[in-house]
Amino acid sequence: MLEYFRRRKLARHAFDDRDWDAVCARLPLLARLDDADRRRLRETATLFLADKIVAPAADFSLQPQQRIEIAVAAALPVLRLGLRAYRSFRGVIVYPDEFLAPREEIGEAGVVTEGHERVAGESWDAGPILLSWADVEASRAADGYQVVIHECAHKLDLGDGDMNGVPDLSGSGISGAEWMRVMSDAWERTGADWDAYGETEVDDYALESPEEFFAVLSEHFFTIPAHLDEVLPQAYALLARFYRQDPLHWRHA
């Protein structure tokens with residue numbers, strides 16, 4: 001019965017072939033997928049748009065290909081995990097460019113200062129994903145930056161109830177202790193590079209917090225897997241087990 005409703009939803013929300021081909025043509029990352037995974041990705045992206053609200057903000061207008069491009073990037077991390085891994089949110093809000101997100105800063109005396117920061121993406125604990133379309137476009141190059149994957153990784157992080165750099169590990173065969181050991185070692189190596197050289201082998205934004213570390217490494221895992229495997233091989237292997245994918249060995253279609 002569940003398969004019947006799944007097939008019905010896929011048929012009802014099917015992408016136009018021309019839109020799908022146009023999106024794939026501008027995402028070189030997808031060229032590394034074999035035919036079976038491309039079909040799985042198309043189905044997962046279709047179901048993502050069927051289940052989630054993707055809405056524009058600030059007088060922006062979203063076209064079908066833009067919605068598909070966002071859905072494809074969101075579908076990639078859960079290609080083997082399933083869309084249930086995204087149960088912590090219902091929608092995506094898309095701005096034309098960077099937008100202001102509220103921030104609170106606590107001073108030394110405990111005084112709370114409220115303000116705003118311009119951001120490319122945001123993932124709220126109890127709310128939607130927010131994206132800048134300009135940064136979705138900037139994510140096409142598969143060079144380590146992928147704003148949709150980054151924000152979706154935050155939602156996966158929330159799978160166990162807390163955004164703390166540790167996602168729901170159920171069914172992965174990874175214990176919490178192993179995750180912490182490997183990620184802590186990767187964090188220390190990255191921090192040591194920053195202290196010694198003032199730069200890091202991964203985006204230094206990863207050192208903002210454990211949750212940003214997981215999100216940034218997830219971007220690198222899918223877009224520049226060979227680089228991540230070279231500089232943090234144990235972290236790469238851990239993410240491969242968690243995501244149940246190995247982008248380093250995706251076959252060319």
Side-chain angles (χ1 to χ4, degrees), residues 5-6 8-31 33 37-79 81-102 116-158 215 218-219 222-223:
F5 284 113
R6 177 177 175 276
R8 185 175 177 182
K9 189 178 290 186
L10 284 170
R12 180 179 298 174
H13 298 276
F15 301 150
D16 181 272
D17 287 342
R18 289 171 297 182
D19 288 336
W20 171 255
D21 291 342
V23 169
C24 290
R26 57 179 176 247
L27 296 176
L29 172 66
L30 304 187
L33 293 173
D37 276 343
R38 283 167 72 93
R39 287 193 297 270
R40 182 191 290 264
L41 184 68
R42 183 170 181 169
E43 288 189 357
T44 306
T46 302
L47 294 172
F48 179 89
L49 286 183
D51 292 341
K52 308 295 184 187
I53 298 168
V54 179
D59 297 322
F60 191 44
S61 177
L62 277 175
Q63 301 304 311
Q65 289 185 17
Q66 293 172 303
R67 294 177 185 273
I68 294 172
E69 187 167 344
I70 290 168
V72 165
L76 195 58
V78 295
L79 199 60
L81 299 177
L83 282 172
R84 180 165 170 73
Y86 287 155
R87 59 190 177 276
S88 66
F89 74 104
R90 287 288 299 155
V92 179
I93 298 174
V94 187
Y95 291 80
D97 210 328
E98 290 185 339
F99 52 91
L100 293 175
H116 291 82
E117 178 185 5
R118 293 195 69 83
V119 297
E122 189 89 339
S123 187
W124 292 346
D125 286 4
I129 286 175
L130 283 67
L131 297 171
S132 151
W133 175 252
D135 285 86
V136 174
E137 290 183 310
S139 300
R140 292 172 178 168
D143 59 1
Y145 180 65
Q146 225 301 337
V147 66
V148 181
I149 290 177
H150 184 105
E151 300 307 330
C152 285
H154 283 318
K155 290 302 186 183
L156 294 176
D157 193 349
L158 279 169
S218 294
E219 292 179 81
F222 285 105
T223 63

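Just so you know, these numbers use all the heavy atoms, side chains as well, and skip hydrogens, waters and symmetry mates. Along the sequence shown, residues carry numbers from 1.
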Atom pair [atom1]/[atom2] of [X] and [Y] - distance to nearest 0.5 Å:
| X | Y | atom1 | atom2 | result |
| --- | --- | --- | --- | --- |
| Leu47 | Leu83 | CG | CG | 6.0 Å |
| Leu41 | Arg39 | CG | CZ | 12.0 Å |
| Ser123 | Leu158 | OG | CG | 6.0 Å |
| Thr46 | Arg6 | OG1 | CZ | 9.5 Å |
| Tyr145 | Asp135 | OH | CG | 3.5 Å |
| Ile93 | Tyr95 | CD1 | OH | 6.0 Å |

* Listed by chain and number, what are the side chain to side chain contact (heavy atoms under 4.5 Å, CB included) partners of Ala73, not counting sequence neighbours? ->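 Checked Ala73 against side chain to side chain contact (heavy atoms under 4.5 Å, CB included); matches are Gln146, Val148.
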Between [X] and [Y] (side chain of the first, backbone of the second, donor and acceptor by atom type, cut-off under 3.5 Å), is there such a pair?
| X | Y | value |
| --- | --- | --- |
| Arg38 | Leu30 | yes |
| Thr223 | Gly144 | yes |
| Thr44 | Ala75 | no |

* To do: Go through the steps to decide whether Leu49 and His13 satisfy the test side chain to side chain contact (heavy atoms under 4.5 Å, CB included), and finish with yes or no.
  => CA-CA 8 Å; Leu49 286 183; His13 298 276; over 6 Å; no
* Got Phe48 and Val72 here, is their nearest side-chain heavy-atom distance under 4.5 Å? ->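 Side chain of Phe48 against side chain of Val72, heavy atoms only: no contact under 4.5 Å found.
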* **Side-chain heavy atoms of Cys152 within contact of Ile129, under 4.5 Å** =>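 Result yes, sub-4.5 Å side-chain heavy-atom pair found.
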* Evaluation steps, side chain to side chain contact (heavy atoms under 4.5 Å, CB included), between Tyr86 and Leu156 -> CA-CA 7 Å; Tyr86 287 155; Leu156 294 176; 3.7 Å; yes
* To do: Mind telling me whether His154 and His150 have parallel, tilted or perpendicular rings, with 30° and 60° as the class edges?
  =>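 Perpendicular.
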* Go through Phe99 and Val119 one step at a time and tell me if the side chain to side chain contact (heavy atoms under 4.5 Å, CB included) criterion holds. => CA-CA 6 Å; Phe99 52 91; Val119 297; 3.4 Å; yes
Which atoms form the tightest heavy-atom contact between [X] and [Y], and what is the distance?
| X | Y | result |
| --- | --- | --- |
| Ala142 | Leu29 | CB-CB, 4.2 Å |
| Pro128 | Lys155 | O-NZ, 4.1 Å |
| Leu62 | Ala55 | CD1-C, 4.1 Å |
| Leu33 | Leu76 | CD1-CD1, 4.5 Å |
| Leu130 | Trp124 | CD2-CZ2, 3.9 Å |
| Phe60 | Val94 | CD2-O, 3.7 Å |

* **Pairs satisfying salt bridge (charged side-chain N to carboxylate O under 4.0 Å, His left out), at least one member in residues 49-76, at least two apart** =>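 Pairs touching residues 49-76 that pass the test: Lys9-Asp51, Arg26-Glu69, Glu69-Arg140.
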* To do: Carefully, step by step, assess Phe15 and Val23 under the rule side chain to side chain contact (heavy atoms under 4.5 Å, CB included).
  => CA-CA 11 Å; Phe15 301 150; Val23 169; over 6 Å; no
